[in-house]
Every structure is written in C-alpha cells, then in structure tokens.
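Written out below as structure tokens is the structure these notes cover.
Proteins get letters first, then strands, A, B, ... in listed order; numbering begins at 1 in each. Computed from heavy atoms alone, side chains included, the values below leave out hydrogens, waters and symmetry copies.
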2 protein chains.
Amino acid sequence: MRLTRFTDYAMRVLLYLGTRPDRICTIPEMTRAYGISQNHLMKIVHQLGRAGYVTSVRGRNGGIRLARPAAMINVGAVIRHSETQPGAEGLALLDCQTCRIAPACALTGVVDEALAAFFAVLERHTLADLLHGRTGALLDIFAATASEDPLPAATCVPPGFAR
Amino acid sequence: MRLTRFTDYAMRVLLYLGTRPDRICTIPEMTRAYGISQNHLMKIVHQLGRAGYVTSVRGRNGGIRLARPAAMINVGAVIRHSETQPGAEGLALLDCQTCRIAPACALTGVVDEALAAFFAVLERHTLADLLHGRTGALLDIFAATASEDPLPAATCVPPGFAR
DNA sequence: GGAATACATGTATATTGATTACATGATAGG
DNA sequence: CCTATCATGTAATCAATATACATGTATTCC
C-alpha cells in the first residue's frame with residue numbers, strides 16, 4: 001500500500017511553490033532542488049495545471065506559480081486527483097472485478113468506509129497548514145540543495161543527470 | 001493506491017473458511033472456488049498459519065481451518081499484517097527516505113494520521129461481521145463455482161489451469 | 001509399508017504498472 | 001531569429017508482485 005511517486009512529487013511541487021508565493025519558479029529549478037527527473041516533473045506540473053492548482057507561463061522567463069492561495073489548496077483533493085488520474089491504478093483497493101463472491105462480499109463496504117476515513121483526514125488540511133511555521137526551514141533546505149550539485153547553466157539536465 | 005492481491009486473497013481465504021466452521025477445507029478446493037493460483041494461495045495460507053489465524057493439518061484428509069472464532073479475527077489486523085509482511089512494500093505511503101525536505105515536511109504527519117484513520121475503521125470490524133447474514137449467499141456462490149470447471153480429481157491443477 | 005493426498009518451502013519466470021528517458025513541438029522574450 | 005521555457009507523445013527501463021515449477025515432508029488409508 002503506497003501512493004504513487006506521481007502524487008509524492010505533486011505535493012513536493014506545491015510545497016516548493018508555496019514557499020515562494022512572490023515569484024515564478026521553473027521546472028529545472030525544482031528538479032535541482034529535489035534531485036528528481038525533469039521529464040516526470042514536467043508531466044506532474046502539467047497535470048497540476050490542468051487541475052487548476054498551478055498556472056504556467058511559457059517562453060523565456062516563464063515558469064510556474066500557484067493558481068490560488070495555499071489556503072485554498074486542499075491536500076485531500078490533490079492526492080485524490082493525482083491517484084485517480086488516467087494511467088494510474090485508481091483507488092480500487094481490492095480486485096472485486098474478478099472476484100466471484102463480490103455480490104455477497106461485505107469487505108468491499110468496509111474497505112470503502114476506511115478509504116473514506118483516510119481522505120477525510122487529508123481533506124481537513126490545506127497546503128497552507130503544511131507550510132505554516134516551516135517556510136523558513138524549507139527555504140533553507142532548498143537553498144542548500146540548489147548549490148549542492150552545480151549544473152551548467154546552458155543545459156539544465158545534462159545527459160544521465162537524474163539519479 | 002491499492003492493497004496487494006496477497007491481502008485480497010488472504011481475506012478471501014478467511015471468508016471461505018468462515019462460512020464452513022464445521023469442517024476442514026483444502027487449498028485445491030479454495031483454488032477451484034475462486035479460480036486463482038494454487039501456489040500463491042498456498043503461500044498465503046502458510047502466512048496466515050504463521051500469524052495464527054488458521055490451523056493446517058498435513059497429510060491425507062488434511063486441510064485448513066480457522067484457528068479461532070471468526071469474531072476473534074480482526075479485519076484491520078489481518079490487512080495490516082498482510083501488507084507489512086516481508087517482501088511487500090509495507091505501509092510507507094510516501095518516499096520520505098530519499099526526500100530532501102523530509103526534516104521540515106509536514107505532509108508525513110498528515111498522511112500518517114490519515115493511514116491511522118484508515119486502519120481504525122478496519123479494526124472496528126471482525127470476520128464475523130463480514131459473514132453476518134451472508135453465509136448462505138456465500139455458500140451458494142461457492143457451490144455454483146465449484147462445479148463450474150470440473151477438474152480431474154487426480155491433479156488438482158492441470159498445467160495452464162490458473163487463468 | 002507403500003501409495004496417495006495434502007501442506008511446506010525455495011527458486012525462477014512472467015506480468016504489470018510506474019518511472020524515466022527521448023524526441024519533437026509550441027510559445028514568448030529579447 | 002535565437003534561446004529559454006513549457007507541452008506532449010512514444011519508447012525503454014525498472015521494480016514489485018504474482019505465478020509457475022520443483023521438490024520436500026507429513027499423514028492416512030489400504
């Protein structure tokens with residue numbers, strides 16, 4: 001039982017953007033901050049854009065910013081959206097589709113109820129909650145890691161970088 | 001986000017045994033009832049045995065039975081055990097291990113809380129709850145499926161059966 | 001005591017989903 | 001027009017899980 005890395009990274013993007021509400025951030029920049037795949041991050045950002053969480057600006061001096069205040073971004077909603085996006089497994093915790101006893105099975109209901117409780121907790125939190133009192137510490141980490149592995153300015157991701 | 005099929009099958013085994021507290025059941029029999037891999041099922045049953053949920057009897061006329069009353073088998077405990085067994089991913093929903101902001105990240109706590117809520121619901125239910133009022137329907141399904149694909153008595157799983 | 005049945009256990013292969021990489025297109029500034 | 005940045009589709013890789021295979025051990029029945 002785990003969330004996809006897609007979801008994991010989506011939350012990291014939001015946390016990064018949340019610590020810098022003042023300015024526009026780029027994907028290569030976040031790639032460096034977290035040390036993760038730029039291509040993957042781009043798809044995640046794209047998805048977050050389609051879902052209305054971030055706004056992207058193309059072209060030179062472009063980048064990404066939160067589309068709404070952090071207090072209006074619900075953690076549960078983000079995670080639910082990210083886990084159910086096309087291509088992912090979705091939230092079917094059990095394989096009732098091929099199970100012969102499904103019509104008489106009470107487990108489905110119980111598991112559904114548990115899943116609802118899971119999201120109920122997440123939905124009680126917003127991005128602002130996650131940032132509250134931690135913005136400084138996060139910025140420190142980002143500053144430290146950004147300088148850690150200096151990349152040539154020209155090519156943001158040299159061949160074989162990620163990893 | 002999903003539970004492993006291992007967990008899924010473990011619950012199916014318990015449900016099967018729970019509908020027949022009177023007699024001892026065999027793995028080939030359950031394999032037929034659910035149409036699933038006998039080898040996999042054997043490992044699941046073995047694991048359930050080690051965890052103290054079922055008792056197995058070797059040799060001719062051997063088989064499996066519940067080691068305790070269905071009311072003493074907690075759904076949450078079974079699922080937690082099955083998801084955390086060695087070789088499985090466990091219950092680390094996020095990859096905090098390699099995440100640089102983990103020390104300052106508030107998401108971990110929120111997700112842990114949500115996971116606790118998930119299991120809290122499951123732990124409110126026992127196998128007996130799942131069976132209550134459904135034993136008849138389940139037995140009907142088992143009876144129907146058992147006769148559906150008649151297997152040679154000698155070899156319980158002919159080559160290429162499962163699937 | 002031998003054959004048959006059933007669980008026990010370790011290893012290897014296959015399947016599946018997720019992740020990453022690659023390639024190319026589109027847009028905007030300077 | 002050249003460069004930086006996001007957009008998008010396809011392909012390859014990787015990891016986890018599930019399945020298959022092979023063999024061992026115990027028990028019962030005849």
Side-chain angles (χ1 to χ4, degrees), chain A residues 1-10 13 24-31 35-50 54-65 82-83 85-90 92 95 98 152-163, chain B residues 1-10 13 24-31 35-50 54-65 82-83 85-90 92 95 98 152-163:
Chain A
M1 187 172 174
R2 68 191 287 211
L3 299 170
T4 62
R5 199 157 298 191
F6 193 99
T7 298
D8 193 337
Y9 289 176
V13 166
I24 200 167
C25 306
T26 71
I27 288 175
E29 174 188 343
M30 291 191 281
T31 292
I36 61 185
S37 155
Q38 174 163 347
N39 294 281
H40 202 197
L41 201 53
M42 191 168 293
K43 287 175 192 185
I44 288 154
V45 165
H46 178 62
Q47 192 63 27
L48 285 172
R50 286 176 44 99
V54 305
T55 304
S56 62
V57 178
R58 290 179 27 159
R60 190 164 185 160
N61 298 328
I64 309 289
R65 70 169 47 134
S82 160
E83 288 290 312
Q85 65 143 8
E89 272 172 344
D95 182 12
T98 67
T155 102
C156 292
V157 170
F161 161 64
R163 179 160 310 263
Chain B
M1 187 170 172
R2 69 191 287 210
L3 299 170
T4 61
R5 198 158 298 191
F6 192 100
T7 298
D8 193 337
Y9 289 176
V13 166
I24 200 168
C25 306
T26 71
I27 289 175
E29 174 188 342
M30 292 190 281
T31 292
I36 62 186
S37 155
Q38 173 164 346
N39 294 281
H40 203 198
L41 201 54
M42 193 167 292
K43 288 175 192 186
I44 288 155
V45 165
H46 179 62
Q47 192 64 27
L48 286 172
R50 285 176 46 97
V54 305
T55 304
S56 61
V57 178
R58 294 187 17 163
R60 189 163 186 162
N61 296 330
I64 311 288
R65 68 170 50 135
S82 160
E83 288 290 312
Q85 65 142 10
E89 272 172 347
D95 182 12
T98 69
T155 102
C156 293
V157 169
F161 161 64
R163 180 158 309 262

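Mapping N39(A) and K43(B) onto DNA chain C by nearest heavy atom places K43(B) at the nucleotide closer to the 5' end. Remark on DNA chain D: of its neighbouring residues I27(A) and F6(B), the 5'-side contact belongs to I27(A), judged by nearest-heavy-atom nucleotide. Residues G59(A) and R2(A) each lie close to DNA chain D; by heavy-atom proximity, the contact nearer the 5' end of the strand is made by G59(A).
Nearest nucleotide to the side chain of S37(B), out of dA8(C), dT5(D), dA20(D): dA20(D). Here the side chain of H46(B) is nearest to one of dA18(D), dA8(C), dT5(D), namely dA8(C). Comparing atom distances between the R60(B) side chain and each of dT5(C), dG17(C), dC7(C) picks out dT5(C) as nearest. In this structure, the nucleotide among dA18(D), dC7(C), dG30(C) sitting nearest to the side chain of R5(B) is dA18(D).
Between L48(B) atom CG and dA8(C) atom P there is a gap of 11 Å when expressed in whole angstrom units. Atom CD1 of I44(B) and atom P of dT17(D) are 13 Å apart (whole Å). Rounding to whole angstrom units, CD of residue Q85(B) and P of dT9(C) are separated by 14 Å. The interatomic distance linking D8(B) (CG) with dA18(D) (P) rounds to 9 Å, in whole Å. At whole-Å resolution of the value, CD in Q47(B) and C1' in dC7(C) are 15 Å apart. Here dA23(C) presents its P atom at 15 Å from CE of M42(A), a figure rounded to the nearest Å. In this structure, I24(B) places its CD1 atom 16 Å from P of dT5(C), rounding to the nearest Å. To the nearest angstrom, P of dT5(D) lies 10 Å from CD of Q38(A).
The shortest non-hydrogen separation linking I64(B) to S56(B) is CD1-CB, 3.6 Å. The two residues D8(A) and D95(B) make their nearest non-hydrogen contact at OD2-N, 3.0 Å. Across I44(A) and A10(A), no two heavy atoms sit closer than the pair CG2-CA, 3.6 Å. In this structure, V54(A) and V45(A) approach most closely via the heavy-atom pair CG2-O, 3.8 Å.
Under 4.0 angstrom from either OP1 or OP2 of dT20(C) there lies at least one side-chain N or O belonging to Y9(A). Side-chain nitrogen and oxygen atoms of H40(A) include none within less than 4.0 Å of the OP1 or OP2 phosphate oxygen of dA18(C). Between S56(A) and dA7(D), a side-chain N or O to OP1/OP2 separation shorter than 4.0 Å is present.
Heavy atoms of G49(B) sit nowhere under 4.0 angstrom from any nucleic acid atom. Counting any heavy atom pair closer than 4.0 Å across all strands shown, V57(B) reaches sugar-phosphate atoms only and no base atom.
A side chain to side chain contact (heavy atoms under 4.5 Å, CB included) with Y9(B) is found for one member of M30(B), K43(B), H40(B) and no other, namely H40(B).
The base of dT25(D) sits with one of its N or O atoms less than 3.5 Å from a complementary donor or acceptor on the side chain of R58(B).
Rounding to the nearest 0.5 Å gives a distance of 4.5 Å between CG of L3(A) and CD of E83(A).
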